[in-house]
Amino acid sequence: MIMSAHTKQAYHRARAALRNWNTALLQADADRDVRNGTRWGRAGIFLLPTVLSIGGLGSLMAQGVLAAGFNVTNTAFTLTSNGVTGSGFGAVLNTPTVEAADGSTSTNIGMARVSFSSAQLAGLCGIVHQKIAGLQYSLIITAGQDVAATAPTDFTTDIDASNLSLETTGLKASATSLTNAVLGASADEVKVGGAGLAGAVPGGFGLDASQGSVSIAGLNATAYTAEIAGTLGLPGLELSVVAGSATHC
């Protein structure tokens with residue numbers, strides 16, 4: 001994409017502001033000698049309410065200017081959408097390393113790594129629960145169309161993403177269809193975008209639709225990691241923090 005001079009200026013302002021925010025956050029964390037249990041953006045892009053005031057970031061992401069590479073780690077969160085369609089789809093079972101708030105790690109949680117080389121979503125709702133100073137809060141992320149509380153069976157997509165992966169302990173859908181899929185492929189042979197999936201064990205269970213497509217209506221996932229290594233367009237991006245344990249957007 002060729003950016004205009006105005007867009008380039010907004011891009012550089014956003015990046016500089018984010019770097020400053022990242023540095024300040026890490027310094028404050030070091031001063032407290034406490035590890036944050038939930039980290040947004042290992043690549044340096046922190047998706048926090050304060051970011052909404054940074055000039056041009058939301059519009060840049062909506063235009064697909066920024067490559068979005070963010071992780072949510074160490075605590076389970078919910079991710080829902082009215083539906084997802086995608087190509088280059090694969091899934092394997094694995095036991096990724098999960099780090100607790102005290103810094104200890106474990107590989108005792110079985111998860112499914114689900115990846116799309118290209119995906120289109122019908123709205124997005126992400127909710128992260130976290131305690132701060134003993135009080136429960138919820139970080140809510142929404143984009144695109146409103147996500148229905150009752151899972152639909154039909155949908156129209158409005159969000160584009162590439163190289164989308166989830167580490168999930170549970171995924172539900174009201175309807176799912178697969179084309180050119182092999183259920184029970186050896187995990188180490190499942191390729192998405194020409195690459196194997198992290199944590200795949202030779203001979204382990206795999207679902208391979210790398211040459212096919214998938215349609216998932218009423219997506220509801222409990223995940224530990226959401227990774228978008230490619231580009232992400234987020235129309236109408238909104239972030240908010242609310243007291244208590246929110247259950248829907």
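Residue numbers run from 1 in the order of the sequence given. The figures that follow rest on heavy atoms only: side chains count, while hydrogens, waters and symmetry mates do not.
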Item checked: Leu197: hydrophobic cluster co-members (side-chain, 4.5 Å) -> Val92, Val190, Val192
Please check if the side chain of [X] supplies one atom and the backbone of [Y] the other of a donor-acceptor pair under 3.5 Å.
X: Thr157; Y: Ile159; value: no
X: His129; Y: Ala246; value: yes
X: Asn82; Y: Ala151; value: no
X: Asp208; Y: Val182; value: no
X: Gln145; Y: Thr156; value: yes
X: Thr176; Y: Ile216; value: no
X: Ser81; Y: Ala122; value: yes
X: Ser213; Y: Thr179; value: no
X: Ser186; Y: Gly203; value: yes

Side-chain donor-acceptor pair under 3.5 Å between [X] and [Y], yes or no?
X: Ser165; Y: Glu227; result: no
X: Ser106; Y: Asn108; result: no
X: Gln120; Y: Ser118; result: yes

For the [atom1] atom of [X] and the [atom2] atom of [Y], what is their distance to the nearest 0.5 Å?
X: Ser215; Y: Phe155; atom1: OG; atom2: CZ; value: 3.5 Å
X: Ser87; Y: Asn180; atom1: OG; atom2: CG; value: 11.5 Å
X: Leu239; Y: Thr142; atom1: CG; atom2: OG1; value: 7.5 Å
X: Asp146; Y: His248; atom1: CG; atom2: NE2; value: 12.0 Å

Are any of the side-chain heavy atoms of [X] and [Y] separated by less than 4.5 Å?
X: Asn163; Y: Phe116; value: no
X: Leu139; Y: Phe77; value: no
X: Leu79; Y: Leu124; value: yes
X: Thr225; Y: Leu166; value: no
X: Phe89; Y: Leu207; value: yes
X: Asn94; Y: Glu167; value: yes
X: Leu219; Y: Leu171; value: yes
X: Thr168; Y: Val114; value: yes

Spell out, yes or no, whether [X] and [Y] are grouped together once hydrophobic residues are joined by side-chain heavy atoms under 4.5 Å, including indirect joins.
X: Leu178; Y: Leu183; value: yes
X: Leu135; Y: Val242; value: no
X: Ile109; Y: Val201; value: no

Please report the closest heavy-atom contact between [X] and [Y], naming both atoms and the distance.
X: Asp188; Y: Pro202; answer: OD1-CA, 3.3 Å
X: Thr222; Y: Ala76; answer: CG2-CB, 4.1 Å
X: Lys191; Y: Gly196; answer: CD-N, 3.8 Å
X: Pro152; Y: Ala217; answer: O-CB, 3.6 Å
X: Pro235; Y: Asp158; answer: CG-O, 3.4 Å

Margin query: For Cys249, run the side-chain contact (heavy atoms from CB on, under 4.5 Å) check against Ile141, Ile127, Val147 and tell me which one passes.
Written below: Ile127
Margin query: Does atom CD (Gln211) have a neighbourhood of more than 12 heavy atoms from anything else shown, all under 6.0 Å?
Written below: no
